[in-house]
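Have a look at the structure below, then the notes.
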Amino acid sequence: MTSSEIRQQFLDFFASKGHKIVPSAPVVPQGDPTLLFTNAGMNQFKDVFLGIGTRDYKRAADTQKCIRVSGKHNDLEEVGHDTYHHTFFEMLGNWSFGDYYKREAIQWAWELLTEVWKLPKERLWATVFRTDDEAYNLWKEVTDINPDHILRFDEKDNFWEMGETGPCGPCSEIHINLSDDYNNPKWVNAGKPECIEIWNLVFIQYNRDENGKLHELPSKHVDTGMGFERITAVLQGKKSNYDTDIFTPIINSIEKLSGLKYDYNLPAEDKSINGLNNVAMRVIADHIRTLTFAIADGATPSNDGRGYVLRRILRRAARYGRKLNLKEPFLYKLVDVVANQFINVFPEVKENQSKIEKVIKAEEESFNITLDRGIELFENLIDKLKKKNEKVIPGNEVFKLYDTYGFPVDLTNVMARENGFTIDENGFNKLMEEQKQRARKSTKEKLSSVNIIINSTDDFQISSNNPTEFTGYDELKTNATIIGIKNENEKSFIILDKSPFYVESGGQVSDTGNITINDTHLPVINLTKINNQIIHITENESNIKLSVGDKVIATVDEKRRWDIMRNHSATHFLHKALREILGTHVQQSGSYVGPDRLRFDFSHFQKLTESELEAIESLINEKLRENLPLIHYRNIPFDEAKNMGALMFFGDKYGDKVNVVQFGNYTMEFCGGTHVKNSSQIGLLKIISESSIASGIRRIEAVTGAGVEKFIKELESKIIKNEELYEKVLDEKKKLEKELSELKLKEKLTLIDTIIKNPNDVNGIKIYKGKVIAENMDELKSMGDELRNKIKSGIGLLISEIDKKVGIVCVVSDDLIKDKKFSAGKIVGEVAKIIGGGGGGRPHLATAGGKEINKINDALNSIEKIISQI
Ligand code: SER
């Protein structure tokens with residue numbers, strides 16, 4: 001049975017049970033900020049489950065494209081190393097929206113598996129949620145499963161949730177044990193390839209809210225999901241999903257590209273060279289599907305969110321490619337086989353094939369550059385460590401290579417060993433874990449949209465009223481002591497004696513980061529300042545009791561802060577350049593400095609011209625490249641700062657003591673913000689918009705550093721889109737031109753037919769002549785040929801104006817060449833004289849050219865005389 005037949009049988013089965021067959025939703029979810037990618041068939045019905053949406057059917061079934069690479073359902077690490085996890089897979093599913101429930105769901109699943117597909121009952125196992133007696137009893141009642149094969153499991157295995165929030169409920173899974181020991185319950189949920197879950201029947205009855213609380217839904221629903229690749233492997237009698245016809249076409253292509261063979265006889269855990277090659281091929285075969293489907297549905301690799309996940313997948317695949325000696329971009333060449341495989345099920349892939357290939361190829365090329373740069377950085381690092389006689393690469397350096405430069409850790413590991421080094425894995429893992437926590441918290445942060453306002457610290461436990469010392473100009477990590485605290489509802493409000501956290505001011509947004517106490521990280525979700533004390537509002541999910549006097553480490557999110565500093569310093573350059581190019585009437589009237597971009601509002605009375613904007617941008621970038629150092633005056637008297645000539649920046653509140661920020665001898669402003677150490681750390685500045693916000697006030701938005709990189713990438717993908725459009729239009733044009741020239745040709749041939757119908761007679765010789773329209777001599781010649789083919793006996797003469805000159809073709813039929821010694825070459829020579837030219841050729845066909853257009857009729861009229869004189 002082919003995989004296509006299996007898919008169809010599933011859909012047909014549920015159609016016969018009154019289900020509407022619906023299309024798969026895109027893998028890029030529409031309008032659900034809680035999801036990066038569609039991770040289950042039920043996603044498109046979330047609104048129905050929550051009671052906020054309806055459909056005009058109560059039962060549905062489909063095959064859903066799913067990607068599981070992030071968030072709650074994330075299988076990325078396993079992929080390639082085993083035979084049955086995938087980043088992209090199809091989920092066959094059937095749903096009831098407040099219609100049938102556990103009984104039918106169980107009964108029909110059993111019927112399809114054992115009656116339609118005839119799976120051996122003795123190998124099937126059912127699991128239910130530990131307290132779900134109803135499902136437990138139904139398995140006994142409505143199926144003939146061996147009652148000993150019904151097992152109870154807890155939340156981890158039998159309570160299904162879409163994500164941190166959303167619809168959820170107890171579930172009942174069906175597993176198949178393909179080992180010889182299939183009667184042994186130990187195999188179920190043991191993570192063994194011989195015994196895998198094939199179908200999950202979820203009984204949706206709750207919604208989990210942002211605080212983790214479960215709420216009973218208005219109706220009860222069924223949501224089932226069966227792994228299409230897994231069931232195909234089972235039904236095709238294969239040990240591995242990769243041995244089915246879903247994957248073998250892709251593996252065949254990888255074999256061709258690499259010149260290596262996939263060894264279908266080896267188990268997944270084999271560590272021989274061939275076994276490792278198998279892993280690499282499985283990774284690539286899996287990942288190319290994810291990339292292809294995600295890009296077809298509108299995602300693109302980039303630096304954040306969904307795009308970043310895709311980028312990592314692509315890089316993982318490219319790296320495994322290197323293990324197969326595929327060093328040049330190759331992934332894009334596999335898109336074709338995927339597109340063709342799914343042409344009937346998911347035609348969107350074929351439709352977008354050329355875009356997908358271009359995006360993947362560009363990304364592969366840029367990754368190769370990343371690798372080269374990483375290798376260079378690695379070598380510098382090794383040199384440095386060798387000089388210090390060290391033999392271990394510190395965890396933070398490995399992390400930096402990975403996090404900042406995108407250099408893969410396993411490569412660092414291999415290269416370290418080659419140089420006689422090891423890497424500090426523990427140190428690295430710790431930093432990775434911290435990063436994961438940050439990522440988890442930051443999604444949570446966005447979802448719960450924290451909006452906590454504090455106006456006083458009256459209800460705090462306080463040990464000192466001293467202002468918090470701000471250390472964030474010099475460091476991003478500070479050991480500090482709690483001098484004020486309030487613990488409340490999984491949040492802690494912490495006042496420290498010292499803190500590197502910048503609190504929003506002068507347009508610069510607040511920092512984010514962590515406060516760490518005894519190895520527990522409390523994410524800082526907001527900051528405020530009361531009486532010069534910085535209040536850190538932190539998540540404290542486990543309600544750790546913090547007290548005054550506790551020692552903590554306050555750590556600012558470094559990458560984000562650097563992006564902010566780049567943008568802040570850049571506003572000073574922008575201010576200065578505007579004044580230089582537009583004039584000193586330019587005064588700042590507001591600004592926003594975030595990690596993503598900067599916004600600068602200023603007084604000016606006209607729209608800036610293209611050339612002004614260009615001049616401003618060039619001037620700034622030239623200055624940035626000059627590597628101007630930061631000179632930071634802190635806490636100097638206001639008057640002194642003014643006398644130095646510092647410009648005042650809007651929005652800062654100035655006390656007696658102020659800070660002044662100077663870069664080289666170029667800019668000097670009053671400013672309390674945080675800044676880069678020299679101008680070249682800003683990288684590049686790109687103005688992205690210029691507009692008016694009020695009469696006499698203009699606004700410029702710009703990006704710097706990584707923001708510019710992102711901007712270029714977006715531009716690139718727009719160009720790719722335009723190119724595609726251009727290619728389409730070009731194809732259309734070619735098609736129309738072809739149609740036009742065919743039409744013209746038809747018209748010309750009709751003219752020849754008319755000529756053939758009206759010959760003149762000279763001494764029994766038929767003369768066929770006429771004026772025609774030909775584009776060039778070749779065409780005129782073919783018209784001559786055409787005429788000659790159509791006449792039995794006679795002489796033909798066609799004349800056309802071509803490019804303001806005259807072209808002539810003369811043809812003579814075979815009988816006249818032999819018997820009467822007529823020669824087209826000679827005749828055409830005579831005719832050509834009349835139009836002031838010459839020509840010749842063979843006896844049966846000859847051409848000539850001349851200049852005198854007004855003599856065309858004379859030439860046509862001369863033929864009879866010429867013939868009669870031969
Ligand atoms: N939503 C469940 C799952 O993804 C069943 O479709 O497993």
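Both ligands and their constituent atoms are indexed starting at 1 by order of listing. All figures in this text were calculated on a predicted structure; none of them were measured in a lab.
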* Asked: Between T224 and ligand 1, which part of the residue brings a heavy atom under 4.0 Å of the ligand: side chain, backbone, both or neither?
  -> backbone
* Aromatic ring centroids of F203 and F129 under 6.0 Å? -> no
* **Side-chain ion pair, D133 and R152, N-O less than 4.0 Å** => yes
* Region of D223 that comes within reach of ligand 1 [heavy atoms, distance under 4.0 Å] -> both
* Structure fact -> Note: ligand 1 atoms sitting under 4.0 Å from heavy atoms of R68 are 3 (C), 4 (O)
* To do: Identify, by atom number and element, the atoms of ligand 1 in contact range of M42, meaning under 4.0 Å from any of its heavy atoms.
  => 1 (N)
* Structure fact -> Here the atoms of ligand 1 under 4.0 Å from any heavy atom belonging to G225 are 5 (C), 6 (O)
* Asked: So is M226 in contact with ligand 1, going by heavy-atom distances below 4.0 Å?
  -> no
* Asked: Does ligand 1 have any atom sitting under 4.0 Å from a heavy atom of E197?
  -> no
* **H86 and Y242 aromatic centres sub-6.0 Å** => yes
* To do: Start with the C-alpha distance between T38 and I67, add both sets of side-chain angles, then the distance that settles side-chain contact (heavy atoms from CB on, under 4.5 Å), and finish with yes or no.
  => CA-CA 6 Å; T38 300; I67 291 183; over 6 Å; no
* Ring geometry between F49 and F97 (parallel below 30°, tilted from 30 to 60°, perpendicular above 60°) -> tilted
* Asked: Has K430 got more than 12 heavy atoms of other residues, nucleotides or ligands less than 6.0 Å from its NZ?
  -> no
* **Residue portion contacting ligand 1 (non-hydrogen atoms closer than 4.0 Å) for M162** => neither
* To do: May I ask you to list the atoms of ligand 1 that are less than 4.0 angstrom from any heavy atom of V202?
  => 2 (C), 5 (C)
* Can you tell me if W95 and D62 form a side-chain donor-acceptor pair at under 3.5 Å? -> no
* Polar atom proximity, N39 to ligand 1 (N or O, under 3.5 Å) -> no
* Asked: Are D47 and R55 within salt-bridge range, i.e. N to O under 4.0 Å?
  -> yes
* Asked: Can you tell which of W199, F45, W160 gets a heavy atom nearest to atom 3 (C) of ligand 1?
  -> W160
* Taking only heavy atoms of A40, which atoms of ligand 1 are found under 4.0 Å from at least one of them? -> 1 (N), 4 (O)
